[in-house]
Amino acid sequence: MSTHSTTSSNKAVGDHFRWARYSTKERVARSLGYLVVGVLLYWSLSTVDVFWPWVWDAPAQIGDMMFRMFPVSFVQLNPILFALVESINIAVLGTIVAVFMALPIAYLGAQTVTPSKLTLWLARFIIVATRSVDTLIWALVFVAIIGPGPVAGILAIAFRSIGFLSKLLAEAIEEIDWGPVEAMQAAGASRAHVITYAIVPQVVPSFWAITILRWDINIRESTVLGLVGAGGIGLIFQGAIDMFRWNTVSLVLIVIVLVVFAGELVTGVVRRKLM
Amino acid sequence: MLQITDLVKSYNNGEPVLKGLNLATDERRLTAIIGSSGAGKSTLLRCINRLVTADSGRIELDGINILELHGKRLQDTRRQIGMIFQAYNLVDRLTVMENVLSGRLGYVGTLRGVLRRFPQSDIDRAYALLKRVGLSQYVNTRCDSLSGGERQRVGVARALMQNPRILLADEPTASLDPKTSERIMELISRITDELDLPVLINLHNVPQARDYADRIVGLRYGVIVFDGGPQDLTDDWLEKIYAGHEDDLKKQMKVAGEDGANE
Amino acid sequence: MSDSTVHYRWKRPHFIETPYIRYGLLALAAIYLIFALSTLRVNPQRIVEGIPRAINMFRGAVPPDFESRGGLIVRGFIESIQMTLIATAAGVALSVPIAFMAARNIAILPIYAVGRMIVVVARSLHPVVLGVLFVSAVGFGAFAGILTLIMYTLGFVGKLLAEAIEEIKYGQVEGVRATGAGFFATLAYAVFPQVLPRLIGLSIYQLDINLRASAIVGLVGAGGIGATLNTAFGRYDYATASAILLVMIGIILVAEGISGRLRGLTK
């Protein structure tokens with residue numbers, strides 16, 4: 001897209017030069033792109049089900065809400081912190097469960113090492129199915145099955161993470177240096193030995209990087225599980241909203257921002273250590 | 001001992017790389033295989049331990065046709081064939097000791113191997129081999145901090161850990177600088193002499209083949225065109241083996257220690 | 001060659017050499033795990049009761065029913081797509097000035113602090129949390145969803161674009177500045193062209209993630225297919241719910257494919 005070719009459009013006309021940034025073909029392609037974007041936007045804006053007077057009123061409403069959030073009330077600090085710890089526990093435990101389930105799926109889903117076409121497709125199916133359903137929807141399902149509480153949240157986090165972890169881990173396995181694998185095979189090593197000596201040591205750094213990345217994402221995801229009854233700080237958030245306790249809502253938000261920020265710091269430190 | 005008969009191999013149904021090749025080694029000596037790139041040297045060695053599967057023919061080690069083996073029996077035969085690779089093929093993130101011990105994986109049970117619980121005799125042997133190749137001070141060093149020459153020494157020790165009946169070496173010195181390359185060749189030739197071990201070695205360096213080999217095999221487009229002692233390998237023969245690849249030959253004639261011949 | 005009189009001992013070196021630290025960390029991890037597991041209120045009876053419930057749910061979900069609420073499903077998805085398009089366009093447009101504010105090499109410290117804070121807050125809050133807030137501020141429906149996705153876009157595109165701005169080659173800026181160009185002219189000629197490819201790539205990627213998010217903000221009342229799904233779940237209409245989920249997976253996969261293809265084109 002950034003080919004700055006000017007040759008075809010710079011023609012001398014009489015004593016003057018004409019200059020244009022893009023050639024005719026590029027300009028046509030660009031105009032078409034803009035046109036498609038414009039038409040899509042126009043269609044969306046003109047047909048979307050929005051009550052426009054509310055839109056013009058929105059800045060005032062949002063301002064009013066933010067105004068009500070201050071001063072922050074610390075009355076509910078203790079239950080908030082307890083719920084926060086639960087959220088973090090859900091994220092950690094969910095990630096651990098997901099890691100254990102993702103390892104075999106990643107092995108089966110890596111084209112270079114999977115035993116057969118059937119196992120490859122089975123693994124790919126699991127990866128797509130778990131990745132494409134959001135954590136919150138998994139939470140709805142598990143709350144319906146095993147009832148409200150953090151266990152449903154852990155399972156929801158775990159199921160959404162399996163696909164994510166397996167996909168990235170399978171890609172890491174596909175990218176390993178094949179030489180050591182051949183060396184082990186040449187020495188007469190069995191499949192289990194090839195895995196533990198030639199494959200595992202090579203994917204260990206990616207494994208930790210991927211797991212930490214997902215853990216960081218899961219911290220954020222675990223904050224909303226409570227909204228559907230799957231444990232954690234989301235429940236208190238929903239309660240405060242329903243009771244119009246805006247000064248408590250603001251405390252919950254601040255706590256969430258701080259925790260997610262801390263999670264990012266931890267992730268950054270660990271990642272630098274791993275490099 | 002090793003008897004190759006009518007070996008044919010082609011990749012993706014293309015022109016065969018090996019065209020009905022016959023080769024036998026049963027003496028305890030170092031056989032060098034030379035030839036231009038694309039002559040099929042690598043393919044030949046990799047057919048022997050089944051890293052690639054030949055199309056037809058027979059490869060017999062002590063009377064057992066390797067091409068017909070599967071599963072556990074293939075593993076048992078592979079552990080009798082040691083291999084040294086051009087790119088060393090060590091596991092970088094494991095220690096020197098673990099890499100050397102991995103040569104015993106064909107012998108130890110699954111659980112023992114996974115848990116790194118090798119028999120004491122294996123550990124003694126690994127120490128002795130590391131001492132022999134001059135790396136005993138690096139036992140617990142990770143391989144990614146070793147130099148190229150040191151890595152290849154680990155590669156040699158790992159191959160010998162297998163207690164092999166025969167040693168294959170696929171251009172073991174091609175990734176090294178001339179001086180190190182010479183040392184590694186010396187090591188391989190001496191140590192196999194001590195162990196009375198037959199060696200099949202692909203070389204891209206003709207002077208090295210002349211210096212170290214007892215027998216030289218010239219491969220050209222998947223066919224053996226020369227087979228004899230180093231004294232028989234005249235310049236005429238070299239021209240025949242490398243006809244059409246004269247640049248290749250010139251590069252390969254470079255003697256160790258020459259300016260910057262670092263490949 | 002092995003020396004039979006001397007035996008060597010070898011143990012695999014540990015990842016952490018100092019035993020105190022090694023066992024200390026292991027103990028800490030174990031204590032944390034025990035604590036975390038002990039806080040879970042597992043009700044075995046409830047889980048046993050859940051098994052027939054799960055079977056019922058599964059029976060209800062198969063085969064999926066695309067027909068009886070077909071109109072609602074189609075309308076839901078169209079609304080999700082509309083929300084995605086509007087929010088991505090508006091969000092990206094807003095992200096540009098905010099990214100410049102949040103780039104340390106462009107903005108002066110007070111502006112940087114404000115820009116950075118907007119980005120951090122928008123990134124930290126899950127779209128569903130934002131959705132709840134906007135629903136209570138402006139009411140149920142697509143508009144709350146659009147606002148949510150705009151904030152979501154700000155957090156993601158704003159952060160990555162700011163990082164791209166911080167990594168620009170400064171020589172080009174000096175070159176333009178040397179011609180006597182002012183602050184905004186310098187931004188337009190020396191900074192913006194360097195990050196434009198990244199911005200386009202990010203926008204297309206964001207389109208894809210916004211579509212995913214648009215499906216779930218509806219669960220808290222912010223419009224789109226999520227609202228339809230929530231209703232289906234609330235009515236125990238699992239056949240419709242599974243139909244919605246299947247279509248959702250299909251659309252997400254297609255969108256991912258298109259987004260990947262488009263990003264490939266812009267490289």
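Here is the naming used below: chain letters follow the sequence lines, and residue numbers restart at 1 for every chain.
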Give, as side chain, backbone, both or neither, the part of F58(C) having an atom under 4.5 angstrom from any heavy atom of chain A.
-> neither

Greatest number of heavy atom pairs closer than 4.5 Å to chain C - which of V133(A), T223(A), L140(A) = L140(A)

For Y32(C), is it the side chain, the backbone, both, or neither that has a heavy atom closer than 4.5 Å to a heavy atom of chain A?
-> side chain

Non-hydrogen side-chain atoms of W43(A) and I78(C) separated by less than 4.5 Å | yes

Looking at G263(A), G231(A), G147(A), G149(A), which one has more heavy-atom pairs under 4.5 Å with chain C than the rest?
-> G147(A)

Note: vs chain C, highest number of non-hydrogen pairs under 4.5 angstrom among Q238(A), E264(A), M66(A) is E264(A)

Side chain to side chain contact (heavy atoms under 4.5 Å, CB included) evaluation trace for I154(A) with L40(C) | CA-CA 10 Å; I154(A) 291 171; L40(C) 301 179; 3.7 Å; yes

Part of V228(A) within contact of chain C (heavy atom distance under 4.5 Å) | neither

What residue, out of Q82(C), R123(C), M83(C), has the most heavy-atom pairs lying under 4.5 Å from chain A?
-> Q82(C)

4.5 Å side-chain heavy-atom contact, I137(A) and M248(C) = yes

Taking every non-hydrogen atom, the tightest pair across A54(C) and I145(A) | CB-CG2, 3.6 Å

When heavy-atom pairs shorter than 4.5 Å are enumerated against chain C, which of V259(A), V151(A), D64(A), D134(A) gives the highest number?
-> D134(A)

Do you know which of I216(C), V138(C), L125(C) has the most heavy-atom pairs with chain A at a distance under 4.5 angstrom?
-> I216(C)

With a 4.5 angstrom heavy-atom cut-off, which part of I241(A) approaches chain C: side chain, backbone, both or neither?
-> side chain

Given that the side chain runs from C-beta out, which part of I249(C) has a heavy atom under 4.5 Å from chain A: side chain, backbone, both or neither?
-> both

Closest heavy-atom pair, L41(A) versus L85(C), reported as atoms and distance to 0.1 Å, is CD2-O, 3.8 Å

Residue part contacting chain A, namely of E49(C), when any heavy atom lies under 4.5 Å = neither

Compare every heavy atom of M65(A) with every heavy atom of S136(C), then report the nearest pair and how far apart it is.
-> OG-SD, 4.4 Å

Largest heavy-atom contact set with chain A, pairs under 4.5 Å, which of V128(C), I252(C), V220(C), L133(C) = L133(C)

Portion of F143(C) that has a non-hydrogen atom of chain A nearer than 4.5 angstrom | both

Given that the side chain runs from C-beta out, which part of L40(A) has a heavy atom under 4.5 Å from chain C: side chain, backbone, both or neither?
-> both

Shortest non-hydrogen separation from S132(A) to L253(C) and the atoms involved | OG-CD2, 4.2 Å

Verdict with supporting geometry, V85(A) and F35(C), side chain to side chain contact (heavy atoms under 4.5 Å, CB included) | CA-CA 11 Å; V85(A) 170; F35(C) 156 73; 3.9 Å; yes

Check each atom of V249(A) against the heavy atoms of chain C and say whether the ones under 4.5 Å are side chain, backbone, both or neither.
-> side chain

dist R131(A):CZ -> R212(C):CZ (nearest 0.5 Å) comes out at 5.5 Å

Interface check, chain C: of L45(A), V260(A), L227(A), N89(A), most non-hydrogen pairs under 4.5 Å belong to N89(A)

Answer with side chain, backbone, both or neither: which region of I96(A) has an atom nearer than 4.5 Å to a non-hydrogen atom of chain C?
-> side chain

Show the numbers, then the answer: is there a side chain to side chain contact (heavy atoms under 4.5 Å, CB included) between L93(A) and L33(C)?
-> CA-CA 8 Å; L93(A) 295 175; L33(C) 272 184; 3.7 Å; yes

E86(A) portion near chain C, given a 4.5 angstrom heavy-atom threshold = side chain

